[in-house]
Amino acid sequence: MKSEELVEVLKERLPSESFQWRFDRKTDKVRLEHSGLGKGMDISLPEILAKYEDKKELALDEIVYTIRETFNAMEKEMNEGFHKDLPIYPVIRSTSFPTESTAGHQFITKDHTAETRIYYAIDLGTTYRLIDASMLESIGLTENEIAEAALFKLRSLKTDYKKDEVAGNLFYFVNNNDGYDASRILNSAFLKEMESKVEGHMTVSVPHQDVLIIGDLRNDTGYDVLAQMTMQFFTVGKVPITSLSFIYEQGKLEPIFIMAKNRIARKDGKKK
C-alpha cells in the first residue's frame, strides 16, 4: 500500500462532511481538519504503513479508532471544559516527543531519564488529553499539585502481570491496555516489590505505552533476549517510547548500555 492509497482508505473509513483532508506529498503527512470544531490533527503516513506491513487490518483499525476518539475528546473539551475532579495520570513519553501542543502551548512535564520524560494527562474514558499550560486555570491546580495527584492516582491502578521464562531468565509483563502500563514505571512501591522477587539483575523496559517489562536476568543470554524483545515491542507499539532498557537498583534506573554484562552482582550468591 502507498501513501495515497492509505489516505483514500482512511477517507472511506471516516466518512464525514465535517472532515477536510489535505495530503502533503513532500512531508508524507495528511492534515485532517474538523470544520465544526475548528481543530485538526496531523497524521504521519509512513508510521502507519510500517505497522500495516506487520499488522494489516489491525493497524488500520487502530488509527481509525485513534482519530475518532481524538475528535470526540476535542468535542467534549469544547462542550464541557476541564475541572480538577477529572482523573489525572502520569504518561511516559520519549524525550523526542513534542514538548508543546499543536496550538503552541507548553505541555506540563517532568524530567525522568535521559530516554524518557513524564507528561500528565486528563483521563476522558476511552482516551486522554495531555495537560498543557493553557489548561491550568480551568483545571484549578498548580503543576506540583497535578504531579502529586497523578502519582496518587497511578498507585490505584492494578499491577497484575504475566510471567515468562526464556533461557533461564524470567520476564514479567504488565499489559492492562488502560493507556498507563508504561506509567507504572513510576510506581516505586511496585518496583521495590518486584525487586524482592528478582534473583539476578533487575531490568525495567517501557518500549511502548501499553507495556511495562520487568526482567530477572540471570545469565548473559538474558541481555540478548531482552534487547530483541524490547525492539520488537518498540516496533509494533501504537505509541513507541524507547527500545532501551534500564537496570533497576536501589530505587534508581540506569540505561543498560552503560552496565557491563559481567558487572559484580549486587548481592552475594547472585550470578553474573
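Hydrogens, waters and symmetry mates play no part in the numbers below; they use all other heavy atoms, side chains included.
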Under 3.5 Å side-chain donor-acceptor pair for Q20 and R31:
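There is no such pair (donor and acceptor under 3.5 Å, judged by atom type) between the side chains of Q20 and R31.
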
When you compare the side chains of N144 and T142, does any donor N or O come within less than 3.5 Å of an acceptor on the partner?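 Checked: N144/T142 side chains show no N/O donor-acceptor pair below 3.5 Å.
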
Look at the rings of [X] and [Y] and say which category their plane angle falls in: under 30° parallel, 30 to 60° tilted, over 60° perpendicular.
X: H201; Y: Y223; answer: perpendicular
X: F97; Y: F107; answer: tilted
X: F19; Y: H34; answer: perpendicular

Same cluster or not: are [X] and [Y] linked, directly or through other Ile, Leu, Val, Met, Phe, Trp or Tyr residues, by side-chain heavy atoms under 4.5 angstrom apart?
X: I108; Y: L86; result: yes
X: I48; Y: Y65; result: no
X: I67; Y: L37; result: yes
X: L60; Y: V236; result: no
X: F190; Y: Y89; result: yes

Show the nearest heavy-atom pair for residues [X] and [Y], with the distance to one decimal.
X: D123; Y: Y128; result: CA-CB, 4.0 Å
X: S3; Y: L49; result: OG-CD1, 3.6 Å
X: R22; Y: E33; result: NH1-CG, 3.9 Å
X: V91; Y: R93; result: CG1-NH1, 3.0 Å
X: P90; Y: I118; result: CB-CG2, 4.0 Å
X: T221; Y: N169; result: C-ND2, 4.2 Å

Any chance [atom1] of [X] has more than 12 other-residue heavy atoms, nucleotides or ligands included, within less than 6.0 Å?
X: D111; atom1: CG; value: no
X: E57; atom1: CD; value: yes
X: K55; atom1: NZ; value: yes
X: E47; atom1: CD; value: no

Where do L217 and F171 land on the side-chain contact (heavy atoms from CB on, under 4.5 Å) test, with the steps shown first? CA-CA 8 Å; L217 306 189; F171 297 94; 3.7 Å; yes

With a 4.5 Å limit on heavy-atom distance, are the side chains of [X] and [Y] in contact?
X: R68; Y: L14; value: yes
X: N176; Y: L157; value: no
X: M194; Y: Y161; value: yes
X: R25; Y: E4; value: yes
X: Y248; Y: I214; value: no
X: L170; Y: E199; value: no
X: H208; Y: V239; value: no
X: I131; Y: I88; value: yes

Within this structure, what is the [atom1]-[atom2] distance for the pair [X] and [Y], rounded to the nearest 0.5 Å?
X: L32; Y: L10; atom1: CG; atom2: CG; value: 9.0 Å
X: W21; Y: S16; atom1: CH2; atom2: OG; value: 9.5 Å
X: L58; Y: Y52; atom1: CG; atom2: OH; value: 12.0 Å
X: I185; Y: I92; atom1: CD1; atom2: CD1; value: 6.0 Å
X: R129; Y: S101; atom1: CZ; atom2: OG; value: 6.5 Å
X: S245; Y: M229; atom1: OG; atom2: CE; value: 9.0 Å

- [ ] Evaluate side-chain contact (heavy atoms from CB on, under 4.5 Å) for D132 paired with E100, printing each intermediate quantity in order.
- [x] CA-CA 7 Å; D132 62 51; E100 63 178 40; over 6 Å; no

| query | Has the side chain of S35 got a donor or acceptor atom that lies under 3.5 Å from a matching backbone atom of S18? | reply |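 A pair under 3.5 Å: yes.
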
### Query
Got a donor-acceptor contact below 3.5 angstrom from the T242 side chain to the L244 backbone?
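Yes.
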
Worksheet item: In a check of salt bridge (charged side-chain N to carboxylate O under 4.0 Å, His left out) between D61 and each of K51, K238, R13, K56, which one passes?
Response: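 One option only clears the test, and that one is R13.
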
Determine whether L136 and E143 satisfy the following criterion, side-chain contact (heavy atoms from CB on, under 4.5 Å), listing intermediate values before the conclusion. CA-CA 8 Å; L136 291 179; E143 291 188 26; 4.1 Å; yes

Hey, could you give me each pair passing salt bridge (Lys or Arg N to Asp or Glu O under 4.0 Å) that has a residue in residues 206-216? Not counting sequence neighbours.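 Qualifying pairs, neighbours excluded: D216-R218.
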
Next item on the list: Could you check T159 against V174 for side-chain contact (heavy atoms from CB on, under 4.5 Å), going step by step and ending with a plain yes or no?
Entry: CA-CA 7 Å; T159 52; V174 178; 5.6 Å; no

>> Using the rule given for salt bridge (Lys or Arg N to Asp or Glu O under 4.0 Å), can you reason through K11 versus E8, listing the C-alpha separation, both sets of side-chain angles and the distance that settles it, and then say yes or no?
In response: CA-CA 5 Å; K11 285 181 179 180; E8 292 304 314; 3.7 Å; yes

